[in-house]
Student: 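First the structure, which I've put down as structure tokens, then a few questions once you've had a look.
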Amino acid sequence: MIKQLYMELLDLHGPQGWWPLLRKGRDGYRSEYFPGDFGKRSERERFEICAGAILTQNTSWMQAEKALAALKEKGILSPEKIISARAGSLSGAIRAAGYFNQKARKLKEFARFVQAAPMPTREQLLSVWGIGNETADSMLLYAYRVPTFVVDKYTQRLFAELGITAPEEGYSRIKLLVEKEMQADHKAYNEFHALIVRHQKQCRPPCQVMAKLK
DNA sequence: TTCCAGGCAATAC
DNA sequence: GTATTGCATGGA
């Protein structure tokens, strides 16, 4: 059922090229997707992805992208710069992403952490203030290419709609179920989560394209 | 105007 | 362990 869902979504939407990375355009930085690119990330790319994972918490990517681009424009999208930045200038730069005081602190906590732990484990990430299950898994999967499945609100909603899991099913249960069923590499987990987000964004309110799976 | 977006921590039971 | 609340902007 889960594998079938993955194949249906991939067939429907094609490769998503997550995680989007900033690229300089005519009017400032915009994020871009790179379908089919599953190569190793540079240190700078990894940090950008992790910062994006924090900035997009409970916030649309459109807003997180603005905040990320502002950090890039100001030249403070690195652990060193974020550590040395004043709290006010940091929160000011990321204003568009909302929760800017909390997220400024989260960025600082993560920046300090990542300098001491270049290749963090899931448990280490979860010990950092501001990093929960989804953010930790997003960082591991999209920045560090660790084969792990990311669960989010879209996943819980879609799985509930399809009767795969109960609406109130917890994070870990869903994550372990998918990983047990799929036994996949980082590429498939990468695509699967991205496809779920893409699909659920496009289909709100719930659309009929997945009817054959119900 | 209201609702909600790629969550998390603190607090209260 | 589960439920509730604060955090905050900006697009639809």
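Note on naming: letters A, B, ... go to the chains in the order of the sequence lines (proteins, then strands), and numbering restarts at 1 for each one. None of the values given here were measured: they were computed from a predicted structure.
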Student: Side chains of A/Gln156 and A/Thr165 only: does a donor on one sit below 3.5 Å from an acceptor on the other?
Tutor: no
Student: Would you call the rings of A/Phe149 and A/His193 parallel, tilted or perpendicular, taking 30° and 60° as the class edges?
Tutor: perpendicular
Student: Find the distance A/Tyr99:OH to B/dA10:P and express it as a whole number of Å.
Tutor: 16 Å
Student: With a cut-off of less than 4.0 Å, is there a side-chain N or O of A/Thr135 near OP1 or OP2 of B/dC8?
Tutor: yes
Student: Measure the distance from CG on A/Leu55 to C1' on B/dA5 and round it to the nearest whole Å.
Tutor: 14 Å
Student: For C/dA8 versus B/dA10, give the span between their P atoms, rounded off to a whole number of Å.
Tutor: 14 Å
Student: With a 4.0 Å limit, can you tell me whether A/Arg157 has a side-chain N or O closer than that to the phosphate oxygens OP1/OP2 of B/dC4?
Tutor: no
Student: Would you mind reading off the distance between A/Trp129 atom CH2 and B/dC8 atom C1', rounded to a whole angstrom?
Tutor: 8 Å
Student: If you find the nucleotide of DNA chain B closest to A/Ile131 and the one closest to A/Tyr142, which residue's nucleotide is nearer the 5' end?
Tutor: A/Tyr142
Student: Measure the distance from NZ on A/Lys201 to P on B/dC4 and round it to the nearest whole Å.
Tutor: 17 Å
Student: Mind checking whether A/Phe192 and A/Phe159 have parallel, tilted or perpendicular rings, split at 30° and 60°?
Tutor: tilted
Student: Heavy atoms of chain A, cut-off under 4.0 Å: which first and last nucleotide of DNA chain C, 5' to 3', fall inside that, if you could look?
Tutor: C/dG6 to C/dG11
Student: Return the 5'-most residue of the pair A/Tyr33, A/Leu126 with respect to DNA chain B, ranking by each residue's nearest nucleotide.
Tutor: A/Tyr33
Student: Using a cut-off of 6.0 Å, state whether more than 12 heavy atoms not belonging to A/Arg30 lie near its atom CZ.
Tutor: no
Student: Looking only at atom C1', what distance separates B/dA5 and C/dA3, rounded to whole Å?
Tutor: 22 Å
Student: Round to the nearest Å and state the distance from A/Glu109 atom CD to B/dA9 atom P.
Tutor: 10 Å
Student: May I have the distance from A/Gln63 (atom CD) to B/dC4 (atom C1'), rounded to whole angstrom?
Tutor: 12 Å
Student: Does A/Glu123 have more than 12 heavy atoms from other residues, nucleotides or ligands lying within 6.0 Å of its CD?
Tutor: no
